[in-house]
Amino acid sequence: MTRPNILGERKLDLSSFSLAQEFGTPLYVYDSCIIKERIREFAAFDVVRFAQKACSNLAILDLMRRTGVLVDAVSAGEIRRALAAGYLPARGEHPEIVYTADIFDREALDLVVEHSLPVNCGSPVMIDQLGERSPGCGVTLRINPGFGHGHSQKTNTGGAGSKHGIWHTQVAECIERGARYGITVTGLHMHIGSGTDMEHLSQVCHAMETTALEVGPTLRSISAGGGLSVPYREGEQRVDVAAYFEMWDATRQKLASLLGIPLTLEIEPGRYLVAEAGRLLTELRAVKQMGENLYYLVDAGFNNLARPILYGAYHPMKIYQRDHQSNKLVDVVVGGPLCESGDIFTQEEGGFVSTRRLTEAQVGDLLEIGCAGAYGAVMGSNYNTKPLAAEVLVEDSTAHLIRARQSFEEIIRGERIPTS
Ligand SMILES: *Cc1c(COP(=O)(O)O)cnc(C)c1O
């Protein structure tokens, strides 16, 4: 049934078709080798903490845990996931699970207290809420240094336009709030988006130094946060992780010597560890010409991958031809099945529809949307009563189903028609 495709990647071609055959489409496929390679790049940091919100499937968390990566949780559900994946709540020298958020909802506060989880506070009032329930603990503060950087307004995590973190001028006030409950500030955290821009990074390190000196010798750790970008487009520069470490390590060493204490240096990547490891396999279900535009409509939509409609994000795409061979290239608009005109994978920020040059394809061919491992499956929804996609992890040359495709019964579970 399958033939080698024009790029000569027979093996990959066969495996994409056989994965689609076995597990159906749309299908997320993760490559464990790429995740492990990315983890190794951070070996110089004392602690690598995975921001699980980027890709929180239990099997991915288990892989992280087996590979020595600790975890960050931003909700009660993510705390439960971390526990379900085998992370331990005990407070070691390097706590395995940290709760980071700008609020405690009631369930998250209950869980944090129940398991004595360390909290990275993103709002001053969290110190009081925690102090009333768990006096005498240590907290880390997520600091908003007053400036930001990010690939879109929606991902910029610093500055007055961002809701995240404790404003940098309120550190003394937070220390005072903590003191009322015997709470000490043991760590500082700055996650403000960024990536390849070393000029910006040096500003962040400088802000960290200023804030850390204000906190003083109760500090045990500093965290560089996440925000490392990945090359989504061919030719985009990869983050120089070694240079990133050098800069943060210099800050750590300088602070350790000024404060006269050892300091742990943490990094907290989400996207960087998983983005390139994941791809979304979809089947082409319609090809149609509409005026000047040729449309390829596939069986995945923004219910499966929301980054294009949310941020105008670019994802690499590739066609696998099933029963034909052509190396003709065509400019196409790629869209999904949803009854919503924004359900287009080839769009730019602001919703402007663009085209992509792909090999000519027919109904039944596969379209692979690459670099989809981060903020892909986790942002899936049931819009249009579509099931969440199945997910597969390839490890040791075996494809493991790590999330079964949702059934209709699972989608409507919990819905009730009132009986009068
Ligand atoms: C989202 C998040 C991260 C990871 O961000 P990436 O851009 O995916 O690296 C790290 N830390 C915290 C607290 C986050 O909320």
Side-chain angles (χ1 to χ4, degrees), residues 30 34-35 38-39 41-42 45 47-57 60-61 64 69-79 81-82 95 97-105 108 112 117-123 126 139-145 148-158 162-166 187-197 200-201 204 208 221-232 236 238-239 241 244-245 248 265-278 306-307 310-311 313 371-379:
Y30 307 102
I34 296 178
I35 296 176
R38 293 293 166 267
I39 293 171
E41 290 183 43
F42 294 107
F45 287 84
V47 171
V48 184
R49 189 175 296 286
F50 177 48
Q52 68 168 290
K53 72 174 191 281
C55 186
S56 57
N57 185 291
I60 301 293
L61 298 186
M64 295 290 173
V69 173
L70 306 182
V71 73
D72 185 64
V74 298
S75 67
E78 286 194 358
I79 292 173
R81 275 187 183 279
I97 307 168
V98 169
Y99 176 78
T100 295
D102 297 304
I103 66 155
F104 278 123
D105 59 32
V112 157
L117 295 178
V119 176
N120 185 24
C121 301
S123 297
M126 291 173 72
V139 293
T140 61
L141 304 182
R142 174 177 181 172
I143 301 296
N144 180 334
H149 202 263
H151 62 258
S152 96
Q153 188 50 42
K154 291 176 191 156
T155 57
N156 187 346
T157 53
S162 160
K163 67 169 183 165
H164 293 300
I166 289 171
L188 288 175
H189 175 281
M190 278 183 196
H191 167 76
I192 55 170
S194 168
T196 44
D197 182 346
H200 171 69
L201 181 58
V204 180
M208 175 64 88
S221 68
I222 57 171
S223 172
L228 291 94
S229 57
V230 299
Y232 281 97
E236 263 175 17
R238 178 169 285 288
V239 177
V241 175
Y244 207 87
F245 173 77
W248 274 108
L265 177 59
E266 289 204 8
I267 188 145
E268 200 175 72
R271 180 188 317 279
Y272 196 82
L273 295 181
V274 290
E276 294 156 285
R307 297 188 69 253
L310 281 178
Y311 319 114
C371 254
Y375 307 106
V378 287
M379 286 192 178

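As the structure is a computational prediction, the values presented were derived from the model and not from experiment. Counting starts at 1 for both ligands and their atoms, in listed order.
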Self-check item: Ion pair Glu78/Arg81, N-O distance below 4.0 Å
Solution: no
Quiz item: Taking it one step at a time, do Val274 and Tyr30 satisfy side chain to side chain contact (heavy atoms under 4.5 Å, CB included)?
Solution: CA-CA 8 Å; Val274 290; Tyr30 307 102; 5.9 Å; no
Quiz prompt | Option with minimal heavy-atom separation from atom 8 (O) of ligand 1, where the choices are Tyr375, Tyr99, Tyr272, Phe50 | solution = Tyr375
Self-check item: Shortest reach to atom 7 (O) of ligand 1 by a heavy atom, considering only Gly226, Gly227, Gly270
Solution: Gly227
Quiz item: What are the atoms of ligand 1, with element, lying closer than 4.0 Å to any heavy atom of Ala51?
Solution: 2 (C), 3 (C), 4 (C), 10 (C)
Quiz prompt | ligand 1 atoms in contact with Arg271 (distance to a heavy atom under 4.0 Å) | solution = 6 (P), 8 (O), 9 (O)
Quiz item: What protein heavy atom sits nearest atom 10 (C) of ligand 1, and how far away is it?
Solution: Glu268 O, 3.1 Å
Practice problem: For atom 2 (C) of ligand 1, grab the closest protein heavy atom and report residue, atom and distance to one decimal in Å. | Solution: Lys53 NZ, 2.3 Å
Quiz item: Stepwise, does the side chain to side chain contact (heavy atoms under 4.5 Å, CB included) test hold for Phe42 with Val69?
Solution: CA-CA 10 Å; Phe42 294 107; Val69 173; over 6 Å; no
Quiz prompt | Parallel, tilted or perpendicular, as decided by the 30° and 60° cut-offs, for the rings of Phe45 and Phe245 | solution = perpendicular
Quiz item: Does Arg142 reach the main-chain N or O of Thr100 with its side chain, forming a donor-acceptor pair under 3.5 Å?
Solution: no
Practice problem: Kindly say whether Gly226 contributes a backbone atom to a donor-acceptor pair with the side chain of His191 at under 3.5 angstrom? | Solution: yes
Self-check item: Flag for His164-Asn144: side-chain donor and acceptor within less than 3.5 Å
Solution: no
Quiz item: Quick check: does His189 get an N/O under 3.5 Å from an N/O on ligand 1?
Solution: no
Practice problem: Say whether Thr100, considering both its backbone and side-chain N or O atoms, lies within less than 3.5 Å of an N or O atom on ligand 1. | Solution: no
Practice problem: Give the contacting part of His191 toward ligand 1: side chain, backbone, both or neither, where contact means a heavy-atom distance below 4.0 Å. | Solution: side chain
